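What follows is a single structure, written as structure tokens, with notes after it.
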Amino acid sequence: MKYVLKTSTPRGSGLDLVADLNVQQRAVVEAPPGELLVLAGAGTGKTRTLTYRVARLVQGGTPPDRIMLVTFTNRAAKEMVARVEALLGIDMRQASAGTFHHVGHRILRRYGEALGLGSDFGILDPEDARDLIGGVVAQEGLPALTVRRLPQPKVIASIISLARGTQRSIAETIDRRYARFLDQGAFIARVAERYAARKKKLNVCDFDDLLTGWLELLRDPAHAALAERIRGAHDHVLVDEYQDINALQGALVDEMAKLHGSLTCVGDDAQSIYSFRGADFQQIFRFNQRHRGAEILRLTLNYRSTPQILELANRSIARNEEQHPKELRATRSEGSVPALIPLRDVYQQAELVAQRVLELHHEHGVPLRKMAVLYRSHAHSLELQVELTRRQIPYSVRSGVRFFEQAHIKDVVSYLRARENPRDGLAWIRLLRLWPGVGLQTAEALAGIISGEGDGEPLDRREVLPALRDFAARAKGRAKPSLKKLVNVWEMLEHPEYDRPARAIRLVVERHYLEYAGRTFANADQRGEDLEHLAAFADQWEQAQAFLSELALVQGISAEQVLAADEPDDKLVLSTIHQAKGLEWPVVFVLWLAEGRFPTAQSLKTREDLEEERRLFYVATTRAADELHLCYPTVEEGRDGPSKLLRPSRFLAEIDHTPPVFDRWEIEEAPLES
């Protein structure tokens, strides 16, 4: 069936395309149904354009229930649908709008019996899924000689989910992303098979099943008739944030558009930055190879940033080889040139940011919430968080906890706490629970002996090691070898060499925590980087007690109630760049723009990874509306050795030519005033 859109806007419809949209946006909205890729640059009104396209389809005669609108959050879908309702004055509740999982759930409720699902099937949340996988592991039995390296159920769940989202085998997924478990590949694949069987027996689905089941209905020849019904239920498919979809979601989109051929995908390949979650850049980059007759339209008029900021962003992203070429153009008037700020070290970097934030807040009236500090890794905010706390500047960490409150930081610090203060029973329980086979009861018993809780007297520091040896000798089961290893670690910790907190942290990480993190966390490598950053920070102190006191003060000061702010929630925003995507602030600082840090050393191994890092830099710069500050330290303290010079990020060096796109600030060596 062919759909013809009206070329004029009926009076009173609420759609005034000429008044409400620019020429590029209007071209998207008025494009006839067909295969369409909309490359919507940062700040170009993507959501508005997609909303108007939905409204125009409905205005042209398409019933709401014949439209499928897929977004990455249900909130985004609801806001778009509400906007269409306001524009047209109609009820849009029958539209199939929501996340991929939301749409997949509706389809499986209707047709899941063809896959062996009962109509009353349950849905496992992530915790339920991990518990079920844990049960499967227990039933399978632990593989011989590999207990130490066997990943925790939540890591196995991440491996299984990533394999399904990328449409790769378990073996290939482990080889690409979890090489530390290569010797466990066969066992994990078997767990995945048994996990699938258990779900079927229990009549439950996890979140991935909502998508894989949907795709099976569309692709399995045994369900050909159902596939036609599912495809035929909609006349138009529209997808938001297309650059973030994975291979599984891309396959679903392509399959759903096979019958009617009306597919609108909106995204920005220059903002594809989530490969670590399984997002597949090739879906948007090679769209026109899968859809040969597709039309490609671009939105390049940016309403957010000044021309100076966009010039820098355009010059940077142009260096990528794999991309759909486009150049953002500013609709705003001239502004300040972005600042490139080399700093002596990470501490001066923190001081500069804090000082500049205070200047903008007090002298220019910029609310704290209108300023953001962005960084590649959460560890890059460590020194800044300390400096902000010292200066009593309130801040919030977007979508995350403050650096020192993260589990892996507290885990390792608990060793230092327990060594310096054997009475700290909470620290003992925390560190003991990190060891395989040491349950809560065992941990509380040993912590009670050392800390003196109950009837006993607390042990002094010299008595701790003999007590650990004695308890380990009497332990049974899996706790026994773990406690013996703990004794070995503690023997080393008590050596005077490890009085320096940095050396103690590295010892704990190397002798125990890296192995624990590898089994426990899907992002173990990132946590390892955080811990090395913690050790580098701790190098300022000769004694662990002074370091621990500093941490306690940083965590204990309630900065939010000290600095006079415009309103109670007026706080400086700290965020990783990944978490900042889709947001904007008048003033943005980007930290740690040093080679090997941003881009990361790991990303330099392949062109694909380096280009994603450059896209991440592009996202960071295009968050800024008025002012952009690019910061990097020039010296890094060496680990037990001399300091080393840091080179500016290649993302800065490669755009540093005529005409200039940034002003280079020179910072005096004198301490900045608070």
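Owing to the predicted nature of the structure, the values given are computational and were not obtained by experimental measurement. Computed over heavy atoms, backbone and side chain alike; hydrogens, waters and symmetry mates excluded. Along the sequence shown, residues carry numbers from 1.
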Report yes if the side chains of [X] and [Y] come closer than 4.5 Å at any heavy-atom pair, otherwise no.
{"X": "S316", "Y": "T621", "result": "no"}
{"X": "C631", "Y": "W592", "result": "no"}
{"X": "D539", "Y": "R500", "result": "yes"}
{"X": "Q243", "Y": "D269", "result": "no"}
{"X": "R615", "Y": "F281", "result": "yes"}
{"X": "H380", "Y": "H533", "result": "yes"}
{"X": "V508", "Y": "L493", "result": "yes"}
{"X": "Q385", "Y": "E405", "result": "no"}

| said: Test side-chain contact (heavy atoms from CB on, under 4.5 Å) on L604 and R650; report intermediate values, then the result. | reply: CA-CA 11 Å; L604 303 180; R650 67 184 60 199; 3.7 Å; yes

| request: With salt bridge (Lys or Arg N to Asp or Glu O under 4.0 Å) as the test, would you mind laying out the steps for E611 and R319 before giving the verdict? | output: CA-CA 8 Å; E611 292 201 348; R319 305 281 301 193; over 6 Å; no

Once you measure the plane-to-plane angle for [X] and [Y], does it fall in the parallel (<30°), tilted (30-60°) or perpendicular (>60°) bin?
{"X": "Y513", "Y": "F521", "answer": "tilted"}
{"X": "F598", "Y": "F617", "answer": "perpendicular"}
{"X": "F537", "Y": "Y347", "answer": "tilted"}

| Going by atom types alone, do E612 and S603 pair a side-chain donor with an acceptor below 3.5 Å? | no

Is it true that, when you exclude [X] itself, more than 12 heavy atoms of the residues, nucleotides or ligands shown sit nearer than 6.0 Å to its [atom1]?
{"X": "R332", "atom1": "CZ", "answer": "yes"}
{"X": "K370", "atom1": "NZ", "answer": "no"}
{"X": "R423", "atom1": "CZ", "answer": "no"}

| said: To the closest 0.5 Å, what do you measure between CZ (R83) and OH (Y52)? | reply: 4.5 Å

Between [X] and [Y], is there a side-chain N and carboxylate O pair less than 4.0 Å apart?
{"X": "E550", "Y": "R390", "result": "yes"}
{"X": "K154", "Y": "E127", "result": "no"}
{"X": "E311", "Y": "R315", "result": "yes"}

| message | Going by side-chain hydrogen bond (donor to acceptor under 3.5 Å, both in side chains), K581 matches just one of T622, T576, D244. Which one? | response | D244

Of the non-hydrogen atoms in [X] and [Y], which two are nearest, and what is the gap between them?
{"X": "V337", "Y": "F662", "value": "CG1-CA, 3.5 Å"}
{"X": "L368", "Y": "P394", "value": "CD1-CG, 3.7 Å"}
{"X": "L299", "Y": "K46", "value": "CD1-CA, 4.3 Å"}
{"X": "T49", "Y": "Q25", "value": "OG1-CG, 3.2 Å"}
{"X": "A418", "Y": "L431", "value": "CB-CD2, 3.7 Å"}
{"X": "L507", "Y": "Y498", "value": "CB-CE2, 3.8 Å"}

| request: Would you check, one step at a time, whether the test salt bridge (Lys or Arg N to Asp or Glu O under 4.0 Å) holds for R356 with E627? | output: CA-CA 12 Å; R356 183 62 178 155; E627 290 191 20; 3.2 Å; yes

| request: Report the C-alpha separation of Q24 and T300 in whole Å, then their side-chain angles, then the decisive distance to 0.1 Å, and conclude whether the side chain to side chain donor-acceptor pair (under 3.5 Å) test is met. | output: CA-CA 8 Å; Q24 292 179 336; T300 59; 2.8 Å; yes

Backbone of [Y] reached by a side-chain donor or acceptor of [X] within 3.5 Å:
{"X": "D424", "Y": "A427", "answer": "yes"}
{"X": "R48", "Y": "D20", "answer": "yes"}
{"X": "Q308", "Y": "G335", "answer": "yes"}
{"X": "Y242", "Y": "D268", "answer": "no"}
{"X": "T73", "Y": "A76", "answer": "yes"}

| remark: Only residue of L374, L628, L630, V357 satisfying side chain to side chain contact (heavy atoms under 4.5 Å, CB included) with F589 is V357

| request: Evaluate side-chain contact (heavy atoms from CB on, under 4.5 Å) for F547 paired with L551, printing each intermediate quantity in order. | output: CA-CA 6 Å; F547 169 68; L551 295 196; 3.7 Å; yes

| Are H578 and F276 near enough that their ring centres are under 6.0 Å apart? | yes

| field | Evaluation steps, side chain to side chain donor-acceptor pair (under 3.5 Å), between R527 and N523 | value | CA-CA 7 Å; R527 293 179 188 247; N523 62 339; 2.9 Å; yes

